[in-house]
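Take a look at the structure set out below.
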2 protein chains.
Amino acid sequence: MKKKREGKTTSKIFDDHDHGMCFDDAIEQIENYFLKKNLQFTPLRRKVFEILIRDHKPLGAYEILEALGRDGFSSSPPIAYRVLDFLMEHGFVHKIQGLNAFIACSHPNHSHSPAFVICRKCEKVAEIDEKKSGISFASPNIKNFEVEKTTVEMTGVCTTCSSAATI
Amino acid sequence: MKKKREGKTTSKIFDDHDHGMCFDDAIEQIENYFLKKNLQFTPLRRKVFEILIRDHKPLGAYEILEALGRDGFSSSPPIAYRVLDFLMEHGFVHKIQGLNAFIACSHPNHSHSPAFVICRKCEKVAEIDEKKSGISFASPNIKNFEVEKTTVEMTGVCTTCSSAATI
DNA sequence: CATAACATGTTATAACATAACACTACCAGT
DNA sequence: ACTGGTAGTGTTATGTTATAACATGTTATG
């Protein structure tokens, strides 16, 4: 394995929601959304989403595949990538470019341009609002260019990791 | 090839600098920087930088390797990745995460957090200032987290591509 | 029930990236 | 000059991430 993605520790910014609640809510929200949009929330799609929302940390496609395999699903790469693409299209999953990994959306009811804070030591990731981040997309439209999608990732070290150890 | 990276067309935002000038200036700037910092601007490093600044478009590591091979350098993967890492450390090259590609820095004299505008049709990329982008990092520091590096990429369609064809 | 659209399965391979080690050149201290 | 350290490059092998292409199954609909 190139990286471990274990997530030993935790910093405040990463803990501002009730995760048990988040899980149930998230499942309900995605169910409602799919119903409303007449999309199929198939067992495979449900499983992939559950794997992601359960851990609520970024998982690589091949980690998701392993989990699928353990749960009796097919685990050849296109399976994961297709479902992930689908869930991303509808905003329930985001890709963390800096980690080549995928994470369940923390704010599925907003139509938002997500921003992520990534600890390079514990690899915990928080999805944040523009407001909280101190970042602001005052006008996401640039002259002569129509922006369709924004990627914003902030990498650094969380308090817990920085206080815990030698850099 | 998975992708072509041809860059057929052009939109205003992508053309706001004199590229001939940019090339010479850039070489001079990097030379001065290396001199000042007592770093070696070796033939290999120079060549990689030239390849990138010459095209001034994002190139994949393996495209750079091909170019190195054509110019008589070794072209095994670590060669490119090592030099690219080195040039990135010093801010002369950036990685475009959305394309798994590398591009020479357009503003090497700023110490900046670059932002990129990427046309998903022609794959042209522009590096922009915070100000021009309408984006602003009002306070890149987040409570309980020290941001070391930001990734900002805006993907969409440039005017030329959108006016040229059916979406 | 035909058929179109969608979903999943499978094989193979492409594209991207790093580990580990070898070799050379150069410089500093003795 | 010898020694040892550092930096740069070269090489082999392999690890990791992602997609193409095609087959099969499943569902909704006329």
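Each chain gets a letter, A, B and so on, in the order its sequence line appears, and its residues count up from 1.
The interatomic distance linking A/Y81 (OH) with D/dA20 (C1') rounds to 14 Å, in whole Å. Taking atom CG of residue A/L99 and atom P of nucleotide C/dT18, one finds them 13 Å apart after rounding to whole Å. Rounded to an integer number of Å, the gap from B/E63 CD to C/dA17 P is 12 Å. In this structure, B/L84 places its CG atom 11 Å from C1' of C/dA17, rounding to the nearest Å. Following rounding to the nearest Å, B/E66 (CD) and C/dA14 (P) show an atom-to-atom distance of 14 Å. Look at CG on A/L59: it is 16 Å from P on D/dT16, rounded to the nearest Å. What separates CG of A/D85 from P of D/dA20 is a distance of 10 Å, to the nearest Å. In this entry the distance linking CG of A/N38 with C1' of D/dA28 reads 11 Å, nearest Å.
Here the CZ-CZ distance, from A/F86 to A/R45, works out to 3.5 Å after rounding to the nearest 0.5 Å. The CZ atom of A/F92 sits 10.5 Å away from the CD1 atom of A/I27 when rounded to the nearest 0.5 Å. Interatomic distance, B/I51 CD1 to B/D71 CG, rounded to the nearest 0.5 Å: 6.0 Å.
The aromatic rings of A/Y62 and A/Y81 sit perpendicular to each other, their planes meeting at more than 60°, with 30° as the lower class boundary. The aromatic rings of A/H90 and A/F34 are tilted relative to each other, their planes meeting at an angle between 30° and 60°.
The shortest distance between the side-chain N/O atoms of B/N100 and the OP1/OP2 oxygens of D/dT17 is not below 4.0 Å. One finds no side-chain N or O of A/K47 lying less than 4.0 angstrom from the OP1 or OP2 phosphate oxygen of C/dT8.
Pair assignment for C/dA7: D/dT24, on the basis of Watson-Crick or G-U wobble contacts that are both within less than 3.5 Å.
Not a single donor-acceptor pair under 3.5 Å links the side chain of A/Q97 to the backbone N or O of A/T151.
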For nucleotides 5-10 of chain D, read 5' to 3', which letter fits each nucleotide if B means a protein heavy atom sits under 4.0 Å from the base, S means only the sugar-phosphate is that close, and - means neither?
--SSBB
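Of the candidates B/I96, B/L52, B/L84, B/L59 forms a side chain to side chain contact (heavy atoms under 4.5 Å, CB included) with just one, namely B/L52.
Evaluation of B/Y62 against the base of C/dC16 yields a stacking contact (centre distance < 5.5 Å, interplanar angle < 30°).
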